[in-house]
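Chain A is the first sequence line, chain B the second, and so forth, proteins listed ahead of strands; every chain is numbered from 1.
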2 protein chains.
Amino acid sequence: MDQERPVKLSDISKALNLSVSTVSRALKDSHEIGEETKRIVQSYASKVNYRPNLIAQSLKEMNTRYIAIIVPEISNSFFAEIVNGVEFVANNRGYHVVIYQTHDSTEREINIIRDVARRKADGLLLSPSTNQTDVNEVMKSIGAKLPVVYFDRVPSDNYCHKVVCDNYQAAFEATSWLIQQGKRRIAHMAGPSGISISIERLAGYSAALLHAGISVDPNLIRYSNFLAREAWDNLRDLEEKYQPDAYFASSDRLSFYCYEAVQQLPEPRASEVKIVGFTNAPFAHLLRPKLSAIVQPAFDMGKIAAEMLLNTITKKNKDIEYGFIKLPAVLKNTE
Amino acid sequence: MDQERPVKLSDISKALNLSVSTVSRALKDSHEIGEETKRIVQSYASKVNYRPNLIAQSLKEMNTRYIAIIVPEISNSFFAEIVNGVEFVANNRGYHVVIYQTHDSTEREINIIRDVARRKADGLLLSPSTNQTDVNEVMKSIGAKLPVVYFDRVPSDNYCHKVVCDNYQAAFEATSWLIQQGKRRIAHMAGPSGISISIERLAGYSAALLHAGISVDPNLIRYSNFLAREAWDNLRDLEEKYQPDAYFASSDRLSFYCYEAVQQLPEPRASEVKIVGFTNAPFAHLLRPKLSAIVQPAFDMGKIAAEMLLNTITKKNKDIEYGFIKLPAVLKNTE
DNA sequence: TTAATTTACGCAAACGATTGCGTAAAATAG
DNA sequence: CTATTTTACGCAATCGTTTGCGTAAATTAA
């Protein structure tokens, strides 16, 4: 029963003295094939454990029934939850999800996008890394054949599908909460400048300050790439020169770096400085003193992004309507 | 320049008045093609942005140059690090890595394995979930065509490739350390019974107790599947009936559940009960009171597993030598 | 100068599945 | 009983590449 080599249609056709096309149609329960023949073929196929070769099917049908998702880092809980949402929808609709990581390298990102296109994924979910121009370059050269939905970090133009959370609103709320706690010198540890999430979060932060009559001090705003080194230098410099009484951190990693840096300060600062940051880490609430968290609806974002993508993939009519979904984030651990 | 449809070999051959085979060979720099022709073909191909269709290539060559890795959950830092190690090696050797999650569902796992086989992945890295028999069933039916390396949770027989950490040693050290701290009623929150890691960790735990002259109390040993519900019930029951003075937790999730449960106890127990657990979470060291961590060399495990797999894939001679690598884990945050 | 070899290319089969079309035999219509 | 339709199947092209083999022309050997 253990075949050394996977069974193919022609094996069945020889064994049953039928043509390959008859076997193929019989397995798909085609009305062109007699009931008796179908039964014979199907039972034989299941007996010898026949599984269609997906490579061959893909080549013929020009689709692969899988979608790709490219994220910076799967260990980041935010992205892991997004992936889970995507899988939830995609699997229900018969699609597989292939996960790629860029580790925040634009070069890797470009290679992956090229590969995804060459492997003929049916669609792509993308949160493009810092340097957007190169990536757009590649996306153009891929051609219009690859449906794309952007999430989290998204292009500014309106001719694409996008799913984000309301970064402005979340940043506004988080900063306002810090102000309510009596903080005035609120530092903002921002992500890479120039990308959508950084811009919006900065805008929300600034608006909250101005709304409370506090002027925005550029010295308290620090951009970090995703290198630990850069973030630490920024934190050290802020502490040496400005001693903020609160931090608003723009990403999972930055939140924890802030937290760690603050914990290393001498008391009473260590327990007085408040931190609020974007994070979906499942165990963030265990930290004492608290790390207040802006939690994004990552699972839902993934679900919606996947639905948008699969809808455009399976859509028959060509006139595309670009969607732009914005979901609210919630502020937690605010005691 | 933007082509609506990907360029294929026949497009080039028509444009240049050459045969498809000549174009194909020219692009591979075959010695059978004249230098002049090669130049023309290559420059034209790059001008029109030709990218070989990987589906067609795979069908012809009967390999896909990608390997699959199946993990329970990518958000688990241990597995995320493993994946990173695998990618590191695989990418250097020209292979792509496709990541799948089982969410600890055997049914999903089986479907994924089948899919991996049908999509003709060149190899598979697998940490099989609880119920091993079904999975083995599937692996048999796939046939001997799919090279597999097991990691973390591994089969007991010796006719397969395996990469693990020294679970016995790690559990022995962790338990011994708790004993040194003066703890005697040490509970063991174990994973699903019957799988390799659970068995070995239990053995190390028991050996450490016996070595210190402490008898092993079965009431203090609790198996949990990966459902939060079950773990919480176990914890509650332990606290109500036995009030352990320390916990040894067998996985990332269990470690954090223990920690959370203990923190909810009334003082002074909350700060007296010590916890040591397997975890690779990058921010575990920020917790106060401390969560002592058994950290596995996940990145290296991934690297080694990928090397073993790629070596068997690219090996010409058929005589396989099964490898069994065991790496040490280290105990951290022991103040 | 003839024979043997090399160079540079084209033809066509393969990989495994799908599908439009053709066609005997059987069933139904007239 | 002939004409038409239906049933049930096979042939062969196709998806995009790769590659064994064949072969004219060009080169080298004798």
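Taking each heavy atom of B:Leu310 and B:Val89 in turn, the nearest pair found is CD1-CG1, 4.0 Å.
B:Ser75 places no side-chain N or O within 3.5 Å of a backbone atom of A:Ser75 that could act as its donor or acceptor partner. Listed for the B:Asp11 side chain is no donor-acceptor partner under 3.5 Å among the backbone atoms of B:Val7. Side chain of A:Lys38 to backbone of A:Ser30: a donor-acceptor contact under 3.5 angstrom is found. The backbone N or O of B:Val71 lies less than 3.5 Å from no partner atom in the side chain of B:Gln101, so there is not a single donor-acceptor pair. A donor-acceptor pair under 3.5 Å links the side-chain atoms of B:Gln42 to the main chain of B:Ala26, judged by distance alone. Without hydrogens or angle criteria, A:Ser127 side chain to A:Phe151 main chain gives a donor-acceptor distance under 3.5 Å. Not a single donor-acceptor pair under 3.5 Å links the side chain of B:Ser24 to the backbone N or O of B:Ser21. Looking only at distances, no side-chain donor or acceptor of A:Thr22 sits under 3.5 Å from a matching main-chain atom of A:Leu18.
B:Asp29 and B:Arg39 are not joined by a salt bridge, as no carboxylate oxygen comes within less than 4.0 angstrom of a charged side-chain nitrogen.
Atom-to-atom, CG of A:Leu9 to P of C:dA17 comes out at 4 Å; the value is rounded to the nearest Å. In this entry the distance linking CE of B:Met62 with C1' of D:dT18 reads 13 Å, nearest Å. One atom, NZ of A:Lys8, and another, C1' of C:dA17, lie 11 Å apart when rounded to the nearest Å. Here the C1' atom of nucleotide C:dG16 and the CG atom of A:Leu54 are 11 Å apart, to the nearest Å. For the pair A:Glu61 CD and C:dC15 P, the interatomic distance rounds to 20 Å; values are reported in whole Å. As a whole-Å value, the separation of B:Arg119 CZ from C:dG16 P is 18 Å. Per the geometry, CG belonging to A:Leu59 stands 14 Å off C1' belonging to C:dT19, to the nearest Å. Rounded to a whole Å, the NZ atom of A:Lys120 is 8 Å from the P atom of D:dG16.
For the helix from C:dT5-D:dA26 to C:dG30-D:dC1, the axis fitted to the five pairs at one end and the axis fitted to the five pairs at the other end meet at an angle of 60° (nearest 10 degrees).
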Steps toward side chain to side chain donor-acceptor pair (under 3.5 Å) verdict (A:Asn63, A:Gln57): CA-CA 8 Å; A:Asn63 65 20; A:Gln57 274 186 332; over 6 Å; no
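Side-chain nitrogen and oxygen atoms of A:Tyr50 include at least one within less than 4.0 Å of the OP1 or OP2 phosphate oxygen of C:dA17. For B:Gln57 and D:dT18, the shortest distance from a side-chain N or O to OP1 or OP2 is below 4.0 Å.
Comparing D:dG16, C:dT19, D:dT18 against the side chain of B:Ser24 picks out D:dT18 as the nearest.
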Could you run through nucleotides 21-26 of chain C and give me one letter per nucleotide, 5' to 3': B if any protein heavy atom sits under 4.0 Å from the base, S if only the sugar-phosphate is that close, - if neither? ------
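When the nearest nucleotides of DNA chain C are assigned to A:Ile55 and A:Thr22 by heavy-atom distance, the more 5′-ward of the two goes with A:Ile55. Where B:Ala56 and B:Gly34 each meet DNA chain C at their nearest nucleotide, the meeting point lying more 5' is that of B:Gly34.
When heavy atoms are screened at a 4.0 angstrom cut-off, B:Lys60 is found touching base atoms of the nucleic acid. A:Thr37 comes within 4.0 angstrom of the backbone, heavy atoms only, and of no base.
Of all the residues in residues 12-21 of chain A, A:Asn17, A:Leu18, A:Ser19, A:Ser21 reach under 4.0 Å from DNA chain D with at least one non-hydrogen atom.
Judged by the 6.0 Å and 45° rule, B:Lys162 forms a cation-pi pair with B:Phe324.
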